[in-house]
There are 2 protein chains.
Amino acid sequence: MQTRSTKSLIVKTAEELILSYGYQGFSYNDIASAINIRKASIHYHFPKKEDLGIAFIRKYSRLFSLWTKRLGTASNRERLIAFCRMYGSLSNNCTRICPIGMVAADYHSMPAGIQEHSQELIAQVEQWLTELVDKGKKEGEFREYLRSSDTARHMIYVMSGSLKMARIFKEPGRIKRAEKDLVFHICKEKEQ
Amino acid sequence: MQTRSTKSLIVKTAEELILSYGYQGFSYNDIASAINIRKASIHYHFPKKEDLGIAFIRKYSRLFSLWTKRLGTASNRERLIAFCRMYGSLSNNCTRICPIGMVAADYHSMPAGIQEHSQELIAQVEQWLTELVDKGKKEGEFREYLRSSDTARHMIYVMSGSLKMARIFKEPGRIKRAEKDLVFHICKEKEQ
DNA sequence: ATCATTCTACCTACTAGTAGGTAGAATGTC
DNA sequence: GACATTCTACCTACTAGTAGGTAGAATGAT
């Protein structure tokens, strides 16, 4: 097995474990037995657990960048909905929560390097959403009284909260509902 | 030192640790050294870590019940604001998050007994908020188009999200802002 | 083209430390 | 004396991380 596939397989597995059980809730052993390699091999690619944690967050940073780039010239309303759908897909049928929700909860028990990268990821998403709301207001699609950055934050709170609760109560409908609520109170045209 | 005070001191310390570092992020040793007793003494009061976790959640269940009872005959709008203020006070100056936010994130890595009690606590808060929104609508204080239980959930998502982000970015203003946003989009009278 | 060397990617075997948990003695309190 | 409480001393299981080795591919020198 080549390095590239093993390395990314490790990150992929870490990802699943972190989004299910949290940073403290998974071990190198869990990964090793999941993909049938030895623990030391993980340390070869990621010397410290912190390194793996950072790789996990940076991956989501990259994925989000790619996602925003792929998102063509849709209307602001469509982009808002697309964001919610993308976010909802992270739920993985009520088995996982979002990276932001996880790092935000475990924040104080994480190494400094992970904390910094977490801040960057959150800021990146907030930034993109702030610009979206701003543009939506200017182009008359979104309600004028909204404060762009507060609305962006509000969206993150709601979407990440809905994923968590959807998982606990095994109610995927909570995510869809959160989306509808957000669209309703951000967009001008009615859609309830 | 009597049992009662030691026992409640253990829970109090666990509480602080859990709300800062998460369920996986604290140990019996942390508590022992924090209040200068031996680890085994904690096991005397709480044989398993799960027992301590349940005590923690049940305490917040009781506290919430007491809080709702103490809350006199204020207007629905005032009760809504009081809820947000109470919730915001859990932030402890951006050092902690809320019990709901914590158990929701760590959910899958917690023992079954804690999971059940977590569900109950969340359901309890959701229930109270649902009734508040319902009453607020009937009495003409809240916007009629709101769905009571969805709005209740929305409130929990936003408040618990704001506590988490306030902690990460050391921005207590996020909590106040979340409160204002909720009041604005739930209550009829303007207040921005 | 051959051979020595270096590097990559993994391995086995181990360390020190910490986790939750237990047994039983010591201490206090009624 | 009886019982509750806290202690010392320990256990097993597991954690992140390290030491040292190996097969084989890549590189370089002649």
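Below, chains carry the letters A, B, ... as their sequence lines are ordered, and counting in each starts from 1.
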Verify whether the ring centers belonging to [X] and [Y] lie closer than 6.0 Å.
| X | Y | result |
| --- | --- | --- |
| Y60(A) | F64(A) | no |
| Y28(A) | F46(A) | no |
| Y23(B) | F56(B) | no |

Any side-chain to backbone donor/acceptor pair from N36(B) onto S33(B)? Under 3.5 Å, distance only.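 Looks like no, no N/O pair under 3.5 Å.
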Between [options], spot the one nearest the side chain of [X], thanks.
| X | options | result |
| --- | --- | --- |
| R38(B) | dT8(D), dT22(C), dT18(D) | dT8(D) |
| A40(A) | dA16(D), dT18(D), dC10(C) | dT18(D) |
| K48(A) | dA16(D), dT6(D), dG17(D) | dG17(D) |
| H45(B) | dT12(C), dT6(D), dA16(D) | dT6(D) |
| Y44(B) | dT5(D), dG20(C), dT18(D) | dT5(D) |

I need the [atom1]-[atom2] distance between [X] and [N], as an integer number of Å.
| X | N | atom1 | atom2 | result |
| --- | --- | --- | --- | --- |
| H43(A) | dC14(C) | NE2 | C1' | 13 Å |
| L52(B) | dA19(C) | CG | P | 14 Å |
| N29(A) | dC14(D) | CG | P | 9 Å |

When all nucleic acid strands are considered with a 4.0 Å heavy-atom cut-off, which category describes F46(A): base, sugar-phosphate, or nothing?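 Touches nothing.
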Donor-acceptor pair under 3.5 Å, K39(B) side chain vs dG21(C) base: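 Pair found.
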